[in-house]
Amino acid sequence: AQSVSQHNHHVILSEAASLELGCNYSYGGTVNLFWYVQYPGQHLQLLLKYFSGDPLVKGIKGFEAEFIKSKFSFNLRKPSVQWSDTAEYFCAARMDSSYKLIFGSGTRLLVRP
Amino acid sequence: ETGVTQTPRHLVMGMTNKKSLKCEQHLGHNAMYWYKQSAKKPLELMFVYNFKEQTENNSVPSRFSPECPNSSHLFLHLHTLQPEDSALYLCASSQDRVEITGELFFGEGSRLTVL
């Protein structure tokens with residue numbers, strides 16, 4: 001079955017630490033990949049997306065993600081986190097021609113000042 | 001401001017009640033969606049409407065009944081729910097079907113508690 005896995009449910013970092021959140025999908029065909037973020041008390045919003053081309057995608061607020069097809073992964077990274085990055089992060093995938101976005105279960109990030 | 005407004009933000013209902021959730025988008029989008037967000041579970045797609053036509057019902061129980069009178073409004077009618085239906089219900093919209101742009105715009109959600 002098509003699925004998206006986020007292995008870390010909770011991550012705690014200190015400010016200025018580097019961040020990498022894992023995301024894997026299970027599908028061998030064409031995929032479009034997304035990271036959404038939900039700040040406390042706010043709505044889900046798009047952080048970045050990959051459709052095609054350069055597998056290293058840059059998003060808002062200094063985030064980037066790398067699509068590695070051989071590993072079925074789309075990990076989210078940020079070299080130096082800030083307290084304001086405290087949020088829940090969701091990886092999502094659209095597989096082949098489907099209009100469904102399949103979401104992972106989310107990773108809660110807490111950044112300590 | 002997300003451009004997608006959901007009301008009510010919080011709802012408590014008994015299992016025999018009938019209530020409705022409302023979603024309105026001010027973005028001129030053509031597709032609207034209902035998602036269910038439960039604790040520690042992935043977001044679950046419930047329904048998709050494209051140009052007011054339902055294009056997806058993701059095996060949702062009939063106690064949830066969607067209605068899309070126009071491209072800007074989406075309702076979720078609730079009837080004889082179960083306690084396990086307690087969750088955050090998210091409405092989203094997109095310019096076209098998600099396979100074109102990929103981006104969904106979400107509302108802040110309606111937190112439903114079924115007693």
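Per chain, numbering begins at 1; letters A, B, ... match sequence-line order.
The number of heavy-atom neighbours closer than 6.0 Å to CZ of A:R112, taken from other residues, nucleotides and ligands shown, is 12 or below. Environment of CZ in A:R108: sparse, with no more than 12 heavy atoms of neighbouring residues, nucleotides or ligands closer than 6.0 Å.
With hydrophobic clusters built from ILVMFWY side chains whose heavy atoms lie under 4.5 angstrom apart, B:L90 does not share a cluster with B:L21. Hydrophobic clustering, with ILVMFWY side chains joined whenever heavy atoms are under 4.5 angstrom apart, groups B:M32 together with B:L78. The hydrophobic clustering, which links ILVMFWY residues whose side-chain heavy atoms are closer than 4.5 Å, places B:W34 and B:F105 apart.
Heavy-atom distances place the side chain of B:Q37, and not its backbone, under 4.5 Å from chain A. Looking at A:Q38, only its side chain comes within 4.5 Å of chain B, counting heavy atoms on both sides.
Under the 4.5 Å side-chain criterion, counting only non-hydrogen atoms from C-beta, A:L101 is in contact with B:Y35. A heavy-atom distance below 4.5 Å is not found between the side chains of B:L45 and A:I102.
The shortest non-hydrogen separation linking B:E108 to A:G41 is OE2-O, 4.3 Å.
No donor-acceptor distance shorter than 3.5 angstrom exists from the side chain of A:Y36 to the backbone of B:E103, with no hydrogens or angles considered.
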